[in-house]
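Here is the structure we will look at, set down as structure tokens.
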2 protein chains.
Amino acid sequence: MSLPRAKLIKNFPGCPVEATLTYLDGKWKGVILFHLMQGTLRFNELRRKLPAVTQRMLTKQLRELEESGLVSRTVYPVVPPRVEYAMTPLGMTLKPVIQALAAWGDDYVFCSPEGRELRLASDGLRAPAAALEA
Amino acid sequence: MSLPRAKLIKNFPGCPVEATLTYLDGKWKGVILFHLMQGTLRFNELRRKLPAVTQRMLTKQLRELEESGLVSRTVYPVVPPRVEYAMTPLGMTLKPVIQALAAWGDDYVFCSPEGRELRLASDGLRAPAAALEA
DNA sequence: GTACGTAGTACCCAAAAGGATACTGTAAAA
DNA sequence: TTTTACAGTATCCTTTTGGGTACTACGTAC
């Protein structure tokens, strides 16, 4: 039988947006994907890149990404253990999405230790990120 | 004093991605933004577009979007009440992000009543969304 | 013989998110 | 006279998420 996907999406308008967000959800998935985009990493390498996340949490998020099929986990049967995490081809298709998210964050979110703030470039004294690089 | 934003981001690599996700987080924000992108809506108009969400949840998500400055809420002092929700200029800057999310969802997420599934176009019998439209 | 690095699990707890249900007040329509 | 639409609140409850701490096994370096 054929898959009436288009019909389903018309019954749940906005579903594709929500659907994508479902896979990026979880406190650390965004950052993990961001880092893995730039290359394979071992468990503890990732851990060092995310000092704030606990071992338990990192494992959990990675398992979820693995289950979605966005990230692959390769175990080398050596001792001490060696486990490598990498983006799958499917995961790589997220690149434009991650880039869009990063670009918006760069331009409109002001990140400080006290919290986050959101504003239009024209609102404050601040120039957009592009201008800062110059 | 100048704002050392670039430095902060370098200390929290991946932060811009996470930062953006923070504002899209919440079970219904994606869909709400998706709909408001296409024009102003009254409370109950939105409600009808999202049959699955309760009144309490819709209110909560809208208040959060309002507090972020992404959505505006205009109350007309008439009876019965009339309240309109619209994207702010800041909210409108999210358009490319929402589009990227929607595009990816369209191409790689298969949405069915039983749940969601993720796959590469080449993996299954299914063609990418673009092909279906033809 | 003690400590370190590797990649995790197991167990417990607190906080946040989400959801069901019932209620409000006014005006117009049936 | 009862019902409907509007835009919510209030209260309570369940589920999910996130975090802290301790523990494992193995081999190597000190």
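None of the values given here were measured: they were computed from a predicted structure. Labels below follow one simple rule: chain letters A, B, ... track the order of the sequence lines, proteins then strands, and each chain is numbered from 1.
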_Spacing between A/R73 atom CZ and C/dA7 atom C1', to the nearest angstrom_ = 8 Å
*Describe the nucleic acid contact of B/Y76 in one word from base, sugar-phosphate, nothing, applying a heavy-atom distance below 4.0 Å.*
nothing
*Shared ILVMFWY cluster between B/V75 and B/L46, side chains joined below 4.5 angstrom?*
yes
*Enumerate the residues from residues 53-63 of chain A whose closest heavy atom to DNA chain D is under 4.0 Å, giving them by residue number; use none for an empty result.*
A/T54, A/R56, A/M57, A/Q61
*Identify the two heavy atoms, one from B/R82 and one from B/V78, that lie closest to each other, and give their separation to 0.1 Å.*
CB-CG2, 3.9 Å
*Can you see which heavy atom on A/K29 is nearest to which on A/Y23, and at what distance?*
CD-O, 3.6 Å
*Between atom CZ in A/R47 and atom P in C/dT9, what is the gap in whole Å?*
13 Å
*Assess whether atom CD of A/Q38 is packed by more than 12 heavy atoms of other residues, nucleotides or ligands within 6.0 Å.*
yes
*Trace of the side-chain contact (heavy atoms from CB on, under 4.5 Å) decision for A/V17 with B/V31*: CA-CA 7 Å; A/V17 178; B/V31 203; over 6 Å; no
*Hey, could you give me the CZ/CZ distance between B/R119 and B/F110, rounded to the nearest 0.5 Å?*
6.0 Å
_Distance check needed: C/dA7 P versus A/R82 CZ, whole Å only._
8 Å
*Quick one: how far along DNA chain D does chain A reach, first to last nucleotide 5' to 3', anything under 4.0 Å to a heavy atom?*
D/dG18 to D/dG27
*Of all heavy-atom pairs between B/M57 and B/V53, which one has the smallest distance, and what is that distance?*
CB-CG2, 3.4 Å
_hydrophobic_cluster_shared for B/M92 and B/L65, side chain cutoff 4.5 Å_ = yes
_Separation of atom CZ in A/R48 from atom C1' in C/dC4, rounded to whole Å_ = 13 Å
*asked:* Between A/P80 and B/G26, which residue's closest nucleotide on DNA chain C lies nearer the 5′ terminus?
replied: A/P80
